[in-house]
Amino acid sequence: MLQEITEELLREVIRKRPADSHKGTFGRAVLAGGEPRYAGAILMAAEACIHAGAGLTTVVTAKENHAPLQARRPEAMAVDWRDFAAVEAVTESADVLLAGPGLGTSEKVRKLLDFLLAKRRPEQWLVLDGSAITLLATAADPTALPRILRFPETVVFTPHQMEWQRLSGIPIAQQDEAANRQAVANLGTTVIVKSHRTQIYTADGLQLRNPYGSPAMATGGSGDTLAGLITGFLAQFPRNGRTIAAAVALHSLIADELARERYVVLPTEISAALPFYMAHFAADPN
């Protein structure tokens with residue numbers, strides 16, 4: 001049975017920053033995505049990653065997106081996704097990789113995804129969202145995915161229910177707890193099945209239900225923001241299922257709070273609120 005996440009998990013994961021620290025202390029994240037017409041997706045993912053506290057965030061995206069990215073978030077570095085030598089250089093030092101927001105499904109980006117999968121080391125976590133899920137779901141039989149991923153235990157899939165249907169083969173109407181659990185076990189990865197009450201199945205054995213979330217979140221970019229938030233958490237906190245679940249819960253909890261006074265909660269509003277809520281949960285309750 002799925003266990004509900006509580007605020008205690010947020011207090012456990014989100015810790016006060018040590019006085020003797022620097023940007024390297026909080027991890028290096030590399031985010032890949034953003035076909036020009038979907039530029040907003042990777043920008044929102046980067047914004048969430050930065051606001052969540054990743055020490056250094058680099059965005060691998062189309063050259064056309066560099067100026068908007070650096071105008072909006074000058075804290076991020078930008079790399080042209082057509083320059084595979086530059087992509088390899090930044091991914092070599094990454095702690096966490098994210099691929100998918102606004103990536104698209106062209107042959108060009110399929111090669112980029114294949115390149116990232118081939119170059120990734122076992123200790124580098126990989127978050128796969130949006131288009132990356134679709135590319136993998138259409139490229140291979142689900143039984144072949146663990147081999148393609150190479151190190152599935154450090155992979156996090158973040159599908160909404162239709163993407164999960166593509167990836168797992170389970171029709172939306174049949175995506176119950178038992179079916180989801182078996183499909184995740186076959187993959188050997190962590191999977192976050194996004195819905196009204198998101199289900200989280202982690203590679204290290206957690207099976208959790210997110211009790212937070214509001215229909216005010218039902219707008220474009222919420223999933224991209226969540227993917228960036230998870231990446232930011234994995235960059236700086238212990239890389240395990242509890243950290244992933246805390247990121248999922250915080251994303252929805254902030255939206256619930258903002259929805260008290262808003263009909264719609266924009267993803268960028270959630271990102272802007274992250275440092276304030278993280279300071280709250282990091283504070284010593286005594």
Side-chain angles (χ1 to χ4, degrees), residues 1-5 32-33 41 45 96-105 109-110 113-114 116-117 120 122 125-211 213 217-218 222-231 234 239-245 247-249 251-252:
M1 183 174 178
L2 296 171
Q3 183 179 1
E4 281 206 346
I5 301 171
V96 187
L97 307 172
L98 164 62
L103 189 66
T105 56
V109 299
R110 185 184 294 275
L113 180 60
D114 289 345
L116 292 173
L117 290 172
R120 185 174 74 98
W125 281 69
L126 173 63
V127 181
L128 293 168
D129 182 61
S131 303
I133 296 173
T134 299
L135 284 169
L136 286 169
T138 56
D141 183 278
T143 59
L145 279 175
R147 176 181 54 79
I148 292 170
L149 297 172
R150 296 171 63 233
F151 319 112
E153 66 279 2
T154 53
V155 171
V156 184
F157 282 110
T158 61
H160 56 59
Q161 288 178 288
M162 180 53 72
E163 290 168 340
W164 182 228
Q165 177 176 302
R166 296 185 194 119
L167 189 64
S168 68
I170 307 170
I172 292 175
Q174 298 174 27
Q175 290 176 9
D176 57 24
E177 183 181 334
N180 288 344
R181 184 187 301 115
Q182 184 59 56
V184 173
N186 292 340
L187 287 170
T189 66
T190 291
V191 178
I192 300 161
V193 184
K194 297 181 294 193
S195 66
H196 169 58
R197 286 291 174 256
T198 292
Q199 298 178 17
I200 305 167
Y201 302 86
T202 73
D204 53 4
L206 295 178
Q207 298 176 30
L208 302 168
R209 177 178 175 271
N210 178 23
M217 303 170 71
S222 290
D224 306 306
T225 295
L226 175 60
L229 171 52
I230 293 168
T231 304
L234 287 172
R239 294 178 190 116
N240 57 37
R242 298 184 74 78
T243 292
I244 294 164
V248 173
H251 178 256
S252 296

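Hydrogens, waters and symmetry mates play no part in the numbers below; they use all other heavy atoms, side chains included.
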Spacing of [X] atom [atom1] and [Y] atom [atom2] [to the nearest 0.5 Å]:
X: T243; Y: I230; atom1: OG1; atom2: CD1; result: 11.0 Å
X: R150; Y: E153; atom1: CZ; atom2: CD; result: 11.0 Å
X: E163; Y: T158; atom1: CD; atom2: OG1; result: 7.0 Å
X: R209; Y: Y201; atom1: CZ; atom2: OH; result: 11.0 Å
X: L2; Y: R197; atom1: CG; atom2: CZ; result: 13.0 Å
X: T198; Y: Q161; atom1: OG1; atom2: CD; result: 8.5 Å

[X] vs [Y] side-chain heavy atoms within contact, under 4.5 Å:
X: L145; Y: T189; result: no
X: T154; Y: R120; result: yes
X: M162; Y: I172; result: yes
X: T138; Y: R110; result: yes
X: L206; Y: I200; result: no
X: L167; Y: L187; result: yes
X: L136; Y: L113; result: yes

Is [X] reaching over with its side chain to a backbone N or O of [Y], donor-acceptor style, under 3.5 angstrom?
X: D224; Y: P101; value: no
X: S252; Y: A249; value: no
X: Q175; Y: N180; value: no

Intermediate values then yes/no, side chain to side chain contact (heavy atoms under 4.5 Å, CB included), L116 and L126: CA-CA 9 Å; L116 292 173; L126 173 63; 5.8 Å; no
List the atom of [X], the atom of [Y], and the distance in Å for their closest heavy-atom pair.
X: T190; Y: A203; answer: OG1-N, 2.9 Å
X: P146; Y: T143; answer: CD-O, 3.6 Å
X: G241; Y: T202; answer: CA-CG2, 3.7 Å
X: L208; Y: I5; answer: CB-CG1, 4.0 Å
X: V109; Y: G104; answer: CG2-O, 3.3 Å
X: K194; Y: D129; answer: NZ-OD1, 3.5 Å

More than 12 heavy atoms of other groups within 6.0 Å of Q3 CD: no
Where do T134 and R166 land on the side chain to side chain donor-acceptor pair (under 3.5 Å) test, with the steps shown first? CA-CA 7 Å; T134 299; R166 296 185 194 119; 3.3 Å; yes
So which of L103, V156, L98, L149 actually passes side chain to side chain contact (heavy atoms under 4.5 Å, CB included) with L128? L149
